[in-house]
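Remarks on the structure that follows.
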Amino acid sequence: MKPPSVIPYGRQSLTDADIKAVSDVLRSDFLTQGPVVPAFESAVAAYCQVDHAVAANSATSALHIACMALNLGPGDSLWTSPITFVASANCALYCGASVDFVDINPVTRNLCPLALEAKLRQAKTEGKLPKIVVPVHFSGLPCDMEAIYSLSQMYGFRIIEDASHAIGAQLNGESIGNCRYSDITVFSFHPVKIITTGEGGMATTRDPKLAEQMRRLRSHGIVRDVADMSACDGPWYYEQQSLGYNYRMTDIQAALGLSQLTRLDTVIQNRERLADRYDERLGDLPCKRPARLPTAKSAWHLYVIEWDEEQNGCSRRELFDALRNAGIGVNVHYIPVYRQPYYARLGDRRTEFDHSEHYYASAITLPLFPALSNEEQDRVIEALYQAIRS
């Protein structure tokens, strides 16, 4: 008997226009460091209504240069949510800084401003306030950035929004990425994200100095427009002014992103429609569905349910295995970062993050991507009900 085809939890969506855009670059004079990367940056900045956008070869790279631009270094600390991909924390370690975590709000699954405030009060008495806080817009739902920004004014930390899941999301009617409540926002363009460049990332900011620093850091720390022209040997002259990295995005990647950006709003609408169908058809299941907030519009990168093992009569692992066996490519986002072996060697932190632990014990990510058909989604839903019945 032929096994059922697998429906993944996420998948890129490519059109003939995307392929033509990439093909045009492949036939052009520049594969990298040409005109398409600046065009993509300008388009993202315009979409987010922000002054500056700096492309990088991944969101991880963008997080790294964002931390460096804010002068994070040895002796400093960065706080973030434990329910995120490890890159949100690793970027601090790349700079020689330390990492700590703030528990999530059990409704939004985002970094909790109340938990942050309590942790800041304690840290102030100990002289251990963070230099940077990285709120993560988990699954595409914006954090309470107004509350977090207010705390930053009281306690003096900088803010990098990890919006890897959230391009196209809105808070109070404004685009995530406009940096109204942060210094820098970072997007991801990995294939399973809202739009893709294959691999790639983008940092947005209102601050021209931060933008300039990030551009320099993504390209070996090199500048060609030298202030002191007397030091120049000729028109070929360039200077490495700081230790940077090769984090540049190619024109090939940027062409794909620029093409995908033109239909971003349509992609978000389709994801929201699929999320609405899940909400409607899972309404009588004893599981917790994603939050809906009047002040926030999610980008719906992920659709995560929390499974009540006691009410449903089967464990999360049993449900996970049953769905995978039925060809439903469910996943779990995420294992709390402090549980990772690299971080766990610093000590067992599980008792410090009750909400994160409860979430992790019950979370299952269902398939959600623009090309998911109603028939495929119905198959996912039927597999859920069948798993309970059996």
Side-chain angles (χ1 to χ4, degrees), residues 8-48 50 52-66 85 87-88 91 136-137 139-140 160-169 175-177 184-205 211 214-215 217-219 245-268 270-271 299-302 368-371:
Y9 84 86
R11 177 190 286 154
Q12 70 272 14
S13 177
L14 300 177
T15 66
D16 289 342
D18 295 335
I19 294 168
K20 182 181 184 302
V22 172
S23 178
D24 288 347
V25 170
L26 291 173
R27 291 187 174 96
S28 74
D29 293 333
F30 294 95
L31 299 186
T32 188
Q33 294 181 270
V36 187
V37 169
F40 184 37
E41 290 173 329
S42 295
V44 170
Y47 183 90
C48 295
V50 71
H52 308 280
V54 181
N57 60 4
S58 71
T60 301
S61 300
L63 284 167
H64 185 191
I65 60 175
F85 187 60
S88 308
C91 58
V136 178
H137 302 309
S139 77
I160 300 173
E161 296 177 67
D162 186 340
S164 294
H165 297 183
I167 191 167
S175 294
I176 291 298
I184 299 169
T185 300
V186 171
F187 296 117
S188 171
F189 305 129
H190 182 275
V192 298
K193 297 303 197 303
I194 309 299
I195 62 172
T196 186
T197 58
E199 282 280 5
M202 188 81 74
T204 62
T205 183
M214 289 190 289
R215 288 193 180 97
L217 288 165
R218 74 171 174 191
S219 192
Y245 299 83
N246 185 0
Y247 283 169
R248 294 189 298 262
M249 176 181 283
T250 68
D251 279 42
I252 301 168
Q253 294 167 301
L256 178 56
L258 194 55
S259 179
Q260 294 239 317
L261 187 65
T262 62
R263 60 179 189 278
L264 173 56
D265 290 340
T266 300
V267 167
I268 298 291
N270 197 28
R271 286 178 173 271
W300 290 108
H301 167 51
L302 301 173
L368 181 65
F369 50 91

>> Walk me through whether Glu199 and Thr60 qualify under side-chain contact (heavy atoms from CB on, under 4.5 Å).
In response: CA-CA 10 Å; Glu199 282 280 5; Thr60 301; over 6 Å; no

Shortest non-hydrogen contact from [X] to [Y]?
{"X": "Gly257", "Y": "Ile195", "value": "O-CD1, 4.3 Å"}
{"X": "Phe187", "Y": "Ala59", "value": "O-CB, 3.5 Å"}
{"X": "Ile184", "Y": "Ala203", "value": "CG2-CB, 3.9 Å"}
{"X": "Val192", "Y": "Arg11", "value": "CG1-N, 4.4 Å"}
{"X": "Arg271", "Y": "Pro370", "value": "NH2-CD, 3.6 Å"}
{"X": "Arg215", "Y": "Ala53", "value": "NH2-O, 3.4 Å"}

>> Could you tell me if the side chain of Pro8 sits less than 4.5 Å from the side chain of Phe369, heavy atoms only?
In response: yes

> Does some side-chain heavy atom of Ile167 sit less than 4.5 Å from a side-chain heavy atom of Met202?
Replying inline: no

When rounded to the nearest 0.5 angstrom, what distance separates [atom1] in [X] from [atom2] in [Y]?
{"X": "Thr15", "Y": "Gln260", "atom1": "OG1", "atom2": "CD", "result": "7.0 Å"}
{"X": "Thr185", "Y": "Ile176", "atom1": "OG1", "atom2": "CD1", "result": "7.0 Å"}
{"X": "Ile194", "Y": "Ile268", "atom1": "CD1", "atom2": "CD1", "result": "4.5 Å"}
{"X": "Thr204", "Y": "Glu41", "atom1": "OG1", "atom2": "CD", "result": "11.5 Å"}
{"X": "Leu368", "Y": "Ser139", "atom1": "CG", "atom2": "OG", "result": "9.5 Å"}
{"X": "Ser58", "Y": "Leu63", "atom1": "OG", "atom2": "CG", "result": "8.0 Å"}

>> Any donor-acceptor pair under 3.5 Å linking the side-chain atoms of Gln253 with those of Thr197?
In response: no

> Is Thr262 reaching over with its side chain to a backbone N or O of Ser259, donor-acceptor style, under 3.5 angstrom?
Replying inline: yes

> Would you say Asp251's side chain and Gly34's backbone share a donor-acceptor pair under 3.5 angstrom?
Replying inline: yes

> So Asn57 and Arg218, side-chain contact (heavy atoms from CB on, under 4.5 Å) or not? Walk me through it.
Replying inline: CA-CA 9 Å; Asn57 60 4; Arg218 74 171 174 191; over 6 Å; no

> Which pairs, with at least one residue in residues 20-32 and sequence neighbours excluded, count as a side chain to side chain donor-acceptor pair (under 3.5 Å)?
Replying inline: Lys20-Asp24, Ser23-Arg27

> Given the rule in the side-chain contact (heavy atoms from CB on, under 4.5 Å) test, do Leu217 and Tyr247 qualify, once you have shown the distances and angles that lead to the verdict?
Replying inline: CA-CA 8 Å; Leu217 288 165; Tyr247 283 169; over 6 Å; no

> So does Asn246 have more than 12 non-hydrogen atoms from other groups sitting under 6.0 Å from CG?
Replying inline: yes

>> I'd like to know whether Leu256 forms a side-chain contact (heavy atoms from CB on, under 4.5 Å) with Phe189, so could you lay out the CA-CA distance, the side-chain angles of the two residues, the decisive distance to 0.1 Å, and finally the verdict.
In response: CA-CA 10 Å; Leu256 178 56; Phe189 305 129; over 6 Å; no

